[in-house]
Student: 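Pasting in a structure now, in structure tokens, and then I'll have a few things to ask.
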Amino acid sequence: MIEDNSTVCSVLLIDDESFAQDIIAHGLKSCVGHQLRYESSPARAVEVARDVDATVVIVDLRMPGGMDGFDVIAMLRAHPDTHDVPVILLSSEDDPDTKAKAFAVGANDYMVKWPDPRELVARVRYHSGACVARRERDEAFASLRLSQEQLAASQLALHQAQKMEAIGQLTGGVAHDFNNVLQIIGGNLQLLKMVGNLNDAARTRVEMALSGVERGAKLAAHLLAFARRQPLQSVVIDPTHLVRELDDMARRVLGAGTRVETEVAPELGSTMVDPNQLNNVLLNLVINARDAMPDGGTLTIRAVNAAADDDLPPDVPHNDYVMLEIADTGKGMPPDVLRRAFEPFFTTKPTGQGTGLGLSMAYGFVKQSGGEIVLRSEPGKGSSVRIYLPRSTAIPAEQAEAAVHPSLTGGLETILVVEDEDDVRSSTCGILSALGYDVLEARDAASAAALVEEGRHIDLVFTDVIMPGPLSSLQLGEIVRRHLPECEVLYTSGYAEGVLTHEGKLDASVHLLQKPYHPDALSARIRHLLRRSRRASGKPQTASHFGLM
């Protein structure tokens, strides 16, 4: 007996005589591991071959009913699922012409009834092994093609990530100097506006220039948001109030020609996010939707919970989220535009009507916040942007309403301004002096530390984050807390990644004012910190502060 433990043979015998099954079964007894299936109807050859996953088909040449072995072979070869299955034609005729025709229609072998069992087993094993090997080869090639496609996709994603990272690094490097320049321009213009006794025409010109500074500041902020290098002041919030406010704002922005539909889940979860930045992102998406519906349409604002076991998009990891969606019924995006939608400065709007930073800013902010953003769009069917923010189990923080400061507010306290840029320091000190503060100056952290260690009375230190010298701004903060425990520290920077932030998020104890800052914002933050310091120390509030228009 021939012992062969190679791959299992799945043999299909097609013959109108049932006794043929017994003969072939007897002949294959020594074929270890084979499976034999008999079928008397030649018309079912393809169906049965697929069912048993045949690796060899043995078919009789002469059969009644209008179909013979040649027809069966042609039928097997014509079907994509059986075209490569080896076929052995079995015939009682040892005729060269018949054999030639058999091979011409696609037979792999020809045997004369009834073959010796050893020959039958050898030929069945040979053809079955060749069939299995060919299938394994095809599977290997298919796997290789898939691997190559996945590798190409990974290389494309890596290239895109490297490109975005390079843009991010360039953005961060430029942002610091750019915001310092804006601070010099804006600070001096504000100082001129405060103490320059300008006539109406000059005041108008100054306001126009300040508007340009504000536009530049927004541009830098959008770039930092895209690059995920903006410091986020994240707190746990319930987004319900924010979404309701967005509904009111959207109705004013979109006008009467557009219907606004808002859906907020009754038990919407909480999430940890920078509420101001999130509001900016959602507002930008609403504006994008407005531009996509010039003739009106429907804007849908949706805020719901999305659980880990829900049907999440494939590119969103399984987690519990708060999902915020802005969807429109506008003109939509073709595939080539959709692929590039998150790229910075990419826009389909006419020159002067868009910076191309709205979606890229949203992308960077959401990623930096630990969430996912999914954009879906089809031409003529509108667009949908879904933001998935990780759900938090913490209790939402009380969201204090922003105080309104109709005028600049000053005081008589002593403020130490630490800034290495001479022009920035000069304009800032000029503004604070005009507000009545006693102002001290230092060009680096080491000089400021010397003033603190000398015992000078200082109520607040206003320091740049990134400065040259052996002492960092954080080390200066430690020195201030050690020598002047009641003194407040307010940081400022045009770009402070990695200095004050941990994974892009500010610690709750750190107070940062982004450059370029408006005198209103500067005076408000200073008064807030000084009032807090006095409350903590139990000292009465000073009555020496005043307002300047």
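Computed over heavy atoms, backbone and side chain alike; hydrogens, waters and symmetry mates excluded.
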Student: Hey, is the main chain of F365 close enough, under 3.5 Å, to the side chain of S369 for a donor-acceptor pair?
Tutor: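 Judged by distance alone, yes, a pair lies under 3.5 Å.
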Student: Determine whether T98 and F70 satisfy the following criterion, side-chain contact (heavy atoms from CB on, under 4.5 Å), listing intermediate values before the conclusion.
Tutor: CA-CA 10 Å; T98 304; F70 298 136; 4.0 Å; yes
Student: Among all residues two or more places apart in sequence or in another chain, which pass the salt bridge (Lys or Arg N to Asp or Glu O under 4.0 Å) test with E245?
Tutor: none
Student: Does I301 have any side-chain contact (heavy atoms from CB on, under 4.5 Å) partners at least two apart in sequence or in another chain, and if so, which?
Tutor: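 In terms of side-chain contact (heavy atoms from CB on, under 4.5 Å), with neighbours along the sequence ignored, I301 is linked to V243, L246, A250, V260, T262, L299, I326.
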Student: Among all residues two or more places apart in sequence or in another chain, which pass the side-chain contact (heavy atoms from CB on, under 4.5 Å) test with A265?
Tutor: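 Testing A265 for side-chain contact (heavy atoms from CB on, under 4.5 Å), a comparison that skips the adjacent residues, returns L268, V304.
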Student: Charged N to carboxylate O below 4.0 Å: is that the case for D138 and R134?
Tutor: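 R134 and D138: not salt-bridged.
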Student: Within a strict 4.5 Å, meaning less than it, do heavy atoms of the R37 and V11 side chains meet?
Tutor: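 Not in contact.
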Student: What pairs meet the side-chain hydrogen bond (donor to acceptor under 3.5 Å, both in side chains) rule with one or both residues in residues 318-335, with sequence neighbours excluded?
Tutor: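 As it turns out, the side-chain hydrogen bond (donor to acceptor under 3.5 Å, both in side chains) pairs with a partner in residues 318-335, which skip direct neighbours, are R302-E325, E325-S384, E325-R386.
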Student: Would you say I14 and M63 make side-chain contact, with heavy atoms under 4.5 Å?
Tutor: yes
Student: Excluding sequence neighbours, so at least two apart, what forms side chain to side chain donor-acceptor pair (under 3.5 Å) with S91?
Tutor: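 Checked S91 against side chain to side chain donor-acceptor pair (under 3.5 Å); matches are Y110.
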Student: For F141, look at atom CZ and say whether over 12 heavy atoms of other residues, nucleotides or ligands are found less than 6.0 Å away.
Tutor: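 Result for CZ/F141: open.
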Student: Under 4.0 Å between a Lys/Arg side-chain N and an Asp/Glu carboxylate O for R123 and E119?
Tutor: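 A salt bridge is present here (some side-chain N lies under 4.0 Å from a carboxylate O).
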Student: Kindly indicate whether the side chain of V105, heavy atoms from C-beta on, has any atom under 4.5 Å from the side chain of R77.
Tutor: no
Student: Checking P313 now: which residues fulfil side-chain contact (heavy atoms from CB on, under 4.5 Å) with it, not counting sequence neighbours?
Tutor: D315, V316, V374, R376, Y388
Student: Can you sort out the partners of D15 under salt bridge (Lys or Arg N to Asp or Glu O under 4.0 Å), two or more places apart, ordered by chain and number?
Tutor: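 With sequence neighbours excluded, D15 shows a salt bridge (Lys or Arg N to Asp or Glu O under 4.0 Å) to no residue whatsoever.
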Student: Does any part of the side chain of N305, heavy atoms only, come nearer than 4.5 Å to the side chain of R391, both counted from C-beta?
Tutor: yes
Student: Are L278 and L389 side-chain neighbours, meaning at least one heavy-atom pair lies under 4.5 Å?
Tutor: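 Yes, their side chains come closer than 4.5 Å.
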Student: Please name the pair of heavy atoms, one in C31 and one in R125, separated by the smallest distance, quoted to 0.1 Å.
Tutor: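 Closest approach of C31 to R125, heavy atoms only: SG-NE, 3.4 Å.
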Student: List the residues meeting side-chain contact (heavy atoms from CB on, under 4.5 Å) with A394, not counting sequence neighbours, and say none if there are none.
Tutor: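 Per chain and number, A394 pairs via side-chain contact (heavy atoms from CB on, under 4.5 Å) with V236, S392.
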Student: How close do A49 and L76 get, heavy atom to heavy atom, and via which atoms?
Tutor: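 For A49 and L76, the tightest heavy-atom pair comes out as CB-CD2, 4.3 Å.
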Student: Side chains of L242 and L282, heavy atoms from C-beta outward: is any pair under 4.5 Å?
Tutor: yes
Student: Does atom CZ of F103 have more than 12 heavy-atom neighbours, drawn from other residues, nucleotides or ligands, at distances under 6.0 Å?
Tutor: yes
Student: Can you confirm whether L61 sits close enough to L90 that some side-chain heavy atom of one is under 4.5 Å from a side-chain heavy atom of the other?
Tutor: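 No - every pair of side-chain heavy atoms lies 4.5 Å or more apart.
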Student: With sequence neighbours left out, write down each residue that passes salt bridge (Lys or Arg N to Asp or Glu O under 4.0 Å) with D71, or none if nothing qualifies.
Tutor: none
Student: If a pair satisfies salt bridge (charged side-chain N to carboxylate O under 4.0 Å, His left out) and one of its residues is in residues 253-263, list it, with sequence neighbours excluded.
Tutor: R259-E261
Student: For the pair T82 (side chain) and V85 (backbone), establish whether a donor and an acceptor sit closer than 3.5 Å, ignoring hydrogens and angles.
Tutor: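 No; judged by distance alone, with no hydrogens or angles, the pair does not exist.
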Student: Going by side-chain contact (heavy atoms from CB on, under 4.5 Å), S10 matches just one of T55, V132, V56, V57. Which one?
Tutor: T55
Student: Between V281 and I387, is there a side-chain heavy-atom distance shorter than 4.5 Å?
Tutor: yes
Student: Among pairs that include at least one residue of residues 44-57, which meet salt bridge (charged side-chain N to carboxylate O under 4.0 Å, His left out), considering only residues two or more places apart or in two chains?
Tutor: E39-R44, R44-E47, R50-D81, D53-R135
Student: Show the nearest heavy-atom pair for residues P86 and H127, with the distance to one decimal.
Tutor: CG-O, 3.4 Å
Student: Decide if atom NE2 of H26 counts as having more than 12 heavy atoms of other residues, nucleotides or ligands within a radius under 6.0 Å.
Tutor: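 No, the 6.0 Å shell around NE2 holds no more than 12 heavy atoms from other groups.
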Student: Would you list the pairs meeting salt bridge (charged side-chain N to carboxylate O under 4.0 Å, His left out) in which at least one residue belongs to residues 85-99, sequence neighbours left out?
Tutor: R62-E93, D94-K99
Student: Carefully, step by step, assess V59 and V87 under the rule side-chain contact (heavy atoms from CB on, under 4.5 Å).
Tutor: CA-CA 7 Å; V59 59; V87 180; 3.7 Å; yes
